[in-house]
Each structure stands twice: as C-alpha cells, then as structure tokens.
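To start, the structure itself, in structure tokens.
These numbers were taken from a predicted model, which means no experiment stands behind them. Lettering follows sequence order; numbering is per chain, from 1.
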2 protein chains.
Amino acid sequence: MTSARERILDAYVDVLGVEGERYATVEAVAAKAGVSKGGLLYHFPSKDHLAGALCDRLAALAAEDAQKMRTSPEGPARYYVRSSHYAGTPLDRAVMAVSRLQQTGDARARAVIEAASSEWLTILHDALGNLDLALAVKLIGDGLYYNALHSALGGHPITTDADEGLLAVVDRIVADHRVS
Amino acid sequence: MTSARERILDAYVDVLGVEGERYATVEAVAAKAGVSKGGLLYHFPSKDHLAGALCDRLAALAAEDAQKMRTSPEGPARYYVRSSHYAGTPLDRAVMAVSRLQQTGDARARAVIEAASSEWLTILHDALGNLDLALAVKLIGDGLYYNALHSALGGHPITTDADEGLLAVVDRIVADHRVS
DNA sequence: GTCTATATTGTGATAGAC
DNA sequence: GTCTATCACAATATAGAC
C-alpha cells in the first residue's frame, strides 16, 4: 500500500490533468484520494504545500528523464519528440498537472517548468551542435505538449501514439543539418 | 470612444493574459474596464456570456488570419512560424486569453481553438503537399505558443522578436522536402 | 446604463472528537 | 491519522435606486 501522502499527490495530478485547475479543489482531491478534507490537510497543511510537493515531484521526474535522454541510443532529438507524445507516463502526467498549476501564476510551477525546459534544450544543443536546430526540435516537442494540454480536458483521455511520419521528418531535419 | 462592451472585452483579454484565469474575476475585469461589477453584468448577463463573447472574437480574428496566411507572399509555413512569436497583436492576445479559458474546461474555448488549429494545419498541408511536414511546421508554431503561455504570467511582458535562425531552419526543412 | 447594496454559494482552513 | 463540524472569506449573481 502506497503512503497516503503519495495517494493524495496522485489524486491531485489526476484531477488537475483531467478536470483542470478550477476543479482541483481540496475537497475534490481528497475525495479522489479516498480521504476527507481534514485528512488531506493533515498531510499537506495548506493547498499551497500540496502544490509545492507536486512541483518537487516534477523536478525529480524531469531530472530522471534528462538522464535517460542524454544516454538514449536513438539520440536525444528523436527521444525528445517521441516522448513528447502524451502517453500517460508519470512524467507526462506531472508536466500536464504543473502546466495547469502554472496557469494560476504559481511561481514554483513556472520555475520548475522553466528549469526542465532549459535542461532539455541544452541536451539537444549539445547533441546537435546547432542552437537553431535544437530549438526547432524542442519546439516540435513543446507543440505536442501544447496540443495535449488542449485535448486532455473534459474527460477526453488522449494518449497519442508516437507519430512515425513526424519522427521521420525529425530524423531527416537532423541528418540534413549534420552534413552541412 | 469605443463601446463599453468592447472595453470590457478588452479588459477581460488583458486580465486573462497577464494575471491568469484565477484572477479574471468579474470584479477585476470590471475595475480594469473602469466600470462596476453591476455595470459589467448589464452588458454581459453572466460571466459565461463574457466567455462566449471572447470565443466569438477569437473565431473572427482567426478567420481573418487564415485568409492572410493563405495569401502570404513569404508562404504559409514561414508566415505561421513567424506570426506564432508572441507580439501582442489582437490575435496573439485573444489566443492567449482563450487558451487560459480553455484550461477551465470551457467547451466553446476548446472548440474554437480546435477549429482554428485544424484550419491552420489544412493551409500548411495544402501549401506543402506533405502532411507530416505540415505537422512538423505546425508544431513548431504551437511550441512557440506553449512557451509564450508559460512566460506571459506574473506581469512578465514578453513580445518575442521573430527568431531569424529558427525561420532559416524552417525554410530549409521546407526546401529539402520539396525537392524529394 | 451604471451604481450600491445584498443574497447565495463554494472554498480554504481551523478545532476538536475519536 | 483521520473524521466531522464550523468559520471566514471571496466570487457570481440579483434587486432596486438613480
């Protein structure tokens, strides 16, 4: 049995991702986690603490992912674009949730997204040797997140499969710039 | 002097874009527009009507833009990527505002963004003749919006200049695929 | 058309029982 | 550790004066 703390955090991610920030009330999250409002507020003294814990979780998951991306056999560019297709992984869900949080003006949410984003761009730049090219690849991945962000609400479960045609275009862009 | 209705709608776009959905209360919007809460609710019988009017405004601006994009001398691909850099145009501001609205689960916001998105992709597909390539270009533009969405909050005024290096990469991608 | 109350509801947070 | 009240406050919306 996972700890109550983790279950509550999972429920928060879930409600943020599926219903949106407006519906992620303490009561709704508590209900989803199977505890009462008071029960939740024992583990997280305020809603703000809950948000902070979520940001910490994303920071940890993003650091893990950066490591995988750096050492990926297919190369960071293909890895980034492929993994930017929403597939419901813990990282995907955390990014979606914190993106929603960030829209409320939460400064930590902004900072953690900005940090991860900057790290991913650095990895692409290191691998591709060209900042404009790295930016183009990064933006394709970000665009996938943007679309997921707009598709995921209102109970639409999304999970887009990695798009082979798009990946082929990315491969080609990268290859074309390498020979120049 | 613009009509009070338009002034209120402008204020709504402003607050949504700069402070976020959470702070876009009827009172805050009314204050920004220089009227009272009751004054606002005379023009828009409910907050929901206000949201609906904003979606209608975006639909009109997006239709205008699609026309410009189709007939752009630089070509739809370069036009789309260049104009996706946030420059504070009425369309930029409306997209940003409705994106924020969409995050609350508003169905009309979702529909209008989805419709514009689909139209832009169609134009790119028609111009480039290759759906995967059109998708890649579209995603680069969407990625720019995604980043603007995260940068714009908390009083950070953004207005990114069009990035010539990125545009050059896009030109090259398009050219490379045309000869094949 | 625009304002000042006021009613109503929803939300975050506290207190204290178990 | 978790629950059931309960409080304090903010937000939408209404009513009626001007």
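- Rounding to whole angstrom units, CZ of residue B:F44 and P of D:dA13 are separated by 13 Å.
- Every residue two or more places apart in sequence or in another chain was checked for a side chain to side chain donor-acceptor pair (under 3.5 Å) with B:Q102, and none qualifies.
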Side-chain donor-acceptor contacts of residues 133-143 of chain B below 3.5 Å, not counting sequence neighbours, with atom names and distances?
| residue | atom | partner | partner atom | Å |
| --- | --- | --- | --- | --- |
| B:K138 | NZ | B:S117 | OG | 2.7 |
| B:K138 | NZ | B:D142 | OD2 | 2.9 |
| B:D142 | OD1 | B:Y80 | OH | 2.9 |
| B:D142 | OD2 | A:N147 | ND2 | 3.0 |

Classify every nucleotide of nucleotides 11-18 of chain C by which part a protein heavy atom approaches to under 4.0 Å, writing B for the base, S for the sugar-phosphate alone and - for neither, in 5'-to-3' order. SBBB----
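- Taking the side-chain contact (heavy atoms from CB on, under 4.5 Å) definition, one finds that B:R78 meets it with B:E74, B:E164, B:L167, B:D171, sequence neighbours left out.
- The ring pair (Phe, Tyr, Trp, His ring centres under 6.0 Å) contacts involving residues 16-36 of chain B comprise nothing, where partners must be two or more places apart or lie in separate chains.
- A sub-4.0 Å separation between OP1 or OP2 of C:dG1 and a side-chain N or O of B:Y42 is present.
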Ignoring hydrogens and angles, write down the donor-acceptor pairs under 3.5 Å from the side chains of residues 24-45 of chain B, residues two or more places apart or on other chains.
| residue | atom | partner | partner atom | Å |
| --- | --- | --- | --- | --- |
| B:T25 | OG1 | B:A28 | N | 3.0 |
| B:S36 | OG | B:G39 | N | 3.1 |

